[in-house]
Protein chains: 4
Amino acid sequence: MSPPKPRATATTGRPRDDAARQAILRATADLLEEVGFGKLSIEGIAAQAGVAKTTIYRWWHNKGVLALEAFLTAVSPKIAFTETAAPLEDLRAQVQRVGKLYRGKTGRILCELIALGQADAETHRQLLDGYLTPRRTVAKACLQRAIAQGVLRDDIDLNVMIDAIYGPIWYRMMLRHGPLDVAYIDALLDLALYGLTISPRRRPCPPGQR
Amino acid sequence: MSPPKPRATATTGRPRDDAARQAILRATADLLEEVGFGKLSIEGIAAQAGVAKTTIYRWWHNKGVLALEAFLTAVSPKIAFTETAAPLEDLRAQVQRVGKLYRGKTGRILCELIALGQADAETHRQLLDGYLTPRRTVAKACLQRAIAQGVLRDDIDLNVMIDAIYGPIWYRMMLRHGPLDVAYIDALLDLALYGLTISPRRRPCPPGQR
Amino acid sequence: MSPPKPRATATTGRPRDDAARQAILRATADLLEEVGFGKLSIEGIAAQAGVAKTTIYRWWHNKGVLALEAFLTAVSPKIAFTETAAPLEDLRAQVQRVGKLYRGKTGRILCELIALGQADAETHRQLLDGYLTPRRTVAKACLQRAIAQGVLRDDIDLNVMIDAIYGPIWYRMMLRHGPLDVAYIDALLDLALYGLTISPRRRPCPPGQR
Amino acid sequence: MSPPKPRATATTGRPRDDAARQAILRATADLLEEVGFGKLSIEGIAAQAGVAKTTIYRWWHNKGVLALEAFLTAVSPKIAFTETAAPLEDLRAQVQRVGKLYRGKTGRILCELIALGQADAETHRQLLDGYLTPRRTVAKACLQRAIAQGVLRDDIDLNVMIDAIYGPIWYRMMLRHGPLDVAYIDALLDLALYGLTISPRRRPCPPGQR
DNA sequence: AAATAATCGAGACGGTACGTCTGGTCTTACC
DNA sequence: GGTAAGACCAGACGTACCGTCTCGATTATTT
């Protein structure tokens with residue numbers, strides 16, 4: 001009982017104050033943007049949220065899960081797939097949208113949260129389940145529509161496909177060895193779709209697709 | 001003179017004790033492996049190296065640059081390009097070697113150092129200059145040999161090419177959403193080289209190419 | 001609020017732990033006796049008291065005020081005036097008692113605290129208010145009784161009188177140029193009371209005066 | 001041999017650099033005035049004197065003896081006895097001169113040096129031999145002249161006499177519980193000379209003496 | 001209505017590590 | 001051999017947060 005776990009149910013007693021919860025998440029998100037995860041402190045959050053440290057520790061095990069929840073709450077709404085008739089164009093639009101997001105502070109924070117997950121299994125799991133997997137699932141659906149329409153090979157593991165598309169985006173986001181701009185992402189998608197090797201076929205734009 | 005910067009030159013006075021320097025770097029590398037960057041402490045390093053804290057602060061601004069230097073000193077020798085007649089095979093071998101390294105603790109530490117670079121420009125610069133850029137330079141040379149031999153397209157920015165190949169490796173190293181094993185890397189290289197889209201050509205390519 | 005001042009009142013929050021306070025004062029007094037103020041360290045006190053350094057800094061600005069409070073707490077009870085019918089004998093007894101105390105470690109510590117007060121106004125004030133003034137007040141009352149009984153001149157500032165009596169005691173305590181023994185103190189009192197100059201009268205004074 | 005003792009004689013090698021010695025003493029005296037003994041640091045002295053720390057440690061065991069020597073060098077010349085035909089007036093003039101000196105920074109420093117002597121026997125000895133004893137010797141001579149002239153009692157230990165005169169001065173210098181001004185010193189001398197008790201004789205100013 | 005129970009704020013507590021300062025020692029090159 | 005420069009080990013400094021622990025006050029449900 002000593003580790004303060006989030007209560008599953010509490011039938012009696014004073015109910016959880018949702019205003020405090022919101023204030024904490026908000027303060028965390030703000031500070032995360034302002035100073036980054038590295039310099040985030042529970043005391044700072046408590047002060048900014050006008051809340052006692054106890055209240056934070058009561059509901060979140062550690063800085064990581066709190067930061068993560070705050071991050072997810074703030075960022076998740078900003079990325080969503082559109083769904084049109086042309087799956088590859090959907091994909092291209094979505095990747096561009098992600099790229100734009102990752103260029104900024106969101107990318108910086110995300111990177112810190114990933115690093116955090118290296119040491120703490122729970123943070124890692126939460127990051128995957130709460131952020132990565134849902135987005136990959138949507139992306140898979142998009143790719144499957146493309147396969148169904150016969151514009152993509154059907155002999156490759158979807159997970160590998162997605163890695164090939166998103167991997168380089170994350171790579172540049174984290175290493176920052178070059179710009180993560182529209183042109184780069186476009187070139188990258190071309191490469192992923194048509195390969196590096198010399199071949200008779202190019203991306204000859206099936207008439208009407210582009 | 002109050003900010004303790006690494007001296008550029010010191011013609012007089014007691015010279016720097018290289019034994020202490022080595023001990024510090026060694027202790028740092030060991031602790032980095034043992035507990036990760038997150039739980040690395042200067043006090044711990046000083047104790048393990050048998051050195052005063054001041055000696056550390058005299059030569060390294062902060063934990064980041066020290067950890068980075070220790071990391072580079074320890075890891076750099078472990079990755080090198082072979083050079084044979086078949087550049088694409090060189091590439092494949094090298095990527096597999098990198099993949100193997102990133103599967104383990106090295107990957108975990110690297111990921112923390114990257115996150116660190118998000119907030120501190122100097123750490124970021126040092127990571128790029130000391131680690132990433134040299135490796136990319138070698139990789140570029142390899143790709144250029146392949147282009148010269150006519151097995152790779154010559155109309156694509158080399159930086160984008162390299163991103164397409166290495167990006168997904170790093171992606172999996174950091175997110176750990178799937179195994180970073182030999183089969184994955186092989187599949188990834190095939191994809192990068194031949195593309196996702198449906199084409200008459202497949203990898204066991206035109207006779208005589210391999 | 002950044003300078004950690006002793007709180008005036010705290011209506012809310014966890015109340016101050018008096019056990020910790022006592023332990024700190026006790027440890028300080030002990031170490032003061034053992035090693036003197038010069039080698040007193042907050043870390044040492046914290047360790048001996050089984051207390052965190054922060055707890056000390058929370059309630060005492062610096063080593064000086066802590067040492068002083070510990071000193072006063074430990075020493076004050078040891079000196080008190082007796083009150084008999086013969087004020088001059090009361091005085092003589094009290095001065096001898098003080099002399100005995102100052103011969104030992106108490107004197108040594110007191111001397112260090114006085115030196116400390118030279119640089120820090122607050123320490124100085126606290127030393128005067130907490131130690132010196134109360135004792136001088138009592139001594140004044142004693143002298144006034146003597147004056148009322150007609151055995152002491154009534155035309156001299158009481159403060160000067162007291163200085164004349166106690167000054168030489170402190171002088172020898174601090175300079176240690178000679179013994180601070182019973183004989184010395186007796187001789188001193190005779191001198192103070194009857195003067196240095198040649199006069200017909202000697203201490204076993206005119207009949208009827210005592 | 002490890003404790004660096006001041007060399008007694010050095011028949012060979014480079015002779016001691018007196019310029020360095022002077023610079024060190026001067027810097028020490030200056031810093032002593034400026035920040036007091038408590039915040040005096042060897043590093044500061046070395047920096048201000050343009051001298052290596054080694055050079056200081058070679059010639060002085062510790063901060064105390066250095067500070068003391070610097071103090072004596074700077075202060076000694078400021079106090080000297082005059083010698084006239086009226087010993088008691090000489091005394092009065094000298095005590096006033098001492099009082100004036102002790103009112104200022106000299107007193108503050110002196111007090112710190114005395115405290116220092118509580119813990120370190122050598123410092124204490126040096127303070128007595130170098131400062132106190134010579135001054136007391138001169139004062140004794142003065143008193144003896146007064147005794148020879150028949151204006152002072154000859155049945156009292158000279159040491160006690162001197163304590164009775166100088167003790168209260170030091171007392172006020174160190175405790176600062178009241179002003180150390182001309183009037184105070186005058187009153188004090190009267191008291192010391194003529195006593196506190198009621199007697200037919202007052203200081204009736206032997207004609208021509210005052 | 002009272003009792004019970006969990007929440008909340010405030011803030012003290014024992015700790016760990018921080019980055020700095022100074023004390024003394026040593027090592028080197030120069031004079 | 002003395003000296004300036006400065007690196008070295010050692011250890012205390014005062015601060016920032018950590019995660020835990022009382023408190024008194026508040027807000028519900030259950031008797």
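Lettering follows sequence order; numbering is per chain, from 1.
At whole-Å resolution of the value, CH2 in B:Trp60 and P in E:dG19 are 15 Å apart. Note: CZ (D:Arg21) to P (F:dG2) measures 16 Å, nearest angstrom. Rounded to whole Å, the distance from NZ on B:Lys39 to P on F:dG19 is 11 Å. For the pair A:Ile24 CD1 and E:dC8 C1', the computed distance is 10 Å after rounding to whole Å. Rounding to whole angstrom units, CD of residue D:Gln48 and C1' of E:dT22 are separated by 17 Å. With rounding to whole Å, C:Ile45 atom CD1 is found 11 Å from F:dG14 atom P. Put simply, CD1 on B:Ile56 is 14 Å from C1' on F:dA7, counting in whole angstrom units. Put simply, CG on D:Leu66 is 12 Å from P on E:dG24, counting in whole angstrom units.
Judged by atom type and distance alone, C:Lys53 reaches the base of F:dG14 through a side-chain donor-acceptor pair under 3.5 Å. For C:Arg14 against F:dT22, no side-chain N or O and base N or O form a donor-acceptor pair under 3.5 Å.
Each of E:dG9, F:dC8, F:dC13 was ranked by its minimum atom distance to the side chain of B:Arg16; first place goes to F:dC8. When the nucleotides F:dC21, E:dT25, E:dC18 are ranked by their closest atom to the side chain of B:Lys63, E:dC18 comes out on top. Comparing F:dC17, E:dG11, E:dA17 against the side chain of A:Glu43 picks out F:dC17 as the nearest. For C:Thr55, whose side chain is taken as the heavy atoms from C-beta onward, the closest listed nucleotide among E:dG14, E:dG9, E:dT28 is E:dG14. In the set F:dC18, F:dC13, E:dT20, the nucleotide with an atom closest to the side chain of B:Tyr57 is E:dT20.
The number of heavy-atom neighbours closer than 6.0 Å to CZ of D:Arg26, taken from other residues, nucleotides and ligands shown, is 12 or below. More than 12 non-hydrogen atoms from other residues, nucleotides or ligands lie less than 6.0 angstrom from CZ of C:Arg16.
Heavy atoms only, all atoms of each residue included: D:Ala49 and D:Ala23 are closest at CB-O, 3.6 Å.
Proximity of C:Thr54 to the phosphate of E:dA12: no side-chain N or O atom is located under 4.0 Å from OP1 or OP2. For F:dC8, the OP1/OP2 oxygens have a side-chain nitrogen or oxygen of B:Trp59 closer than 4.0 Å. The shortest distance between the side-chain N/O atoms of A:Arg58 and the OP1/OP2 oxygens of E:dC8 is below 4.0 Å.
In terms of position along DNA chain F, the nucleotide closest to A:Leu40 lies nearer the 5' end than the nucleotide closest to the other residue of the pair A:Leu40 and C:Pro15. Along DNA chain E, the nucleotide nearest D:Ile42 and the nucleotide nearest B:Ser41 are compared for position; the residue whose nucleotide lies closer to the 5' end is B:Ser41.
Under the 3.5 Å distance criterion, the side-chain polar atoms of B:Thr28 are matched with a main-chain donor or acceptor of B:Ile24.
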For B:His124 and B:Gln118, run side chain to side chain donor-acceptor pair (under 3.5 Å): C-alpha distance rounded to whole Å, both residues' side-chain angles, the deciding distance at 0.1 Å, then the answer. CA-CA 7 Å; B:His124 176 242; B:Gln118 305 300 315; over 6 Å; no
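Comment: A:Glu34 does not engage A:Lys105 in a salt bridge, judged by the lack of any side-chain N to carboxylate O separation of less than 4.0 angstrom.
Among the protein residues, B:Gly44 comes within range of no part of the nucleic acid, since none of its heavy atoms lies under 4.0 Å from any strand.
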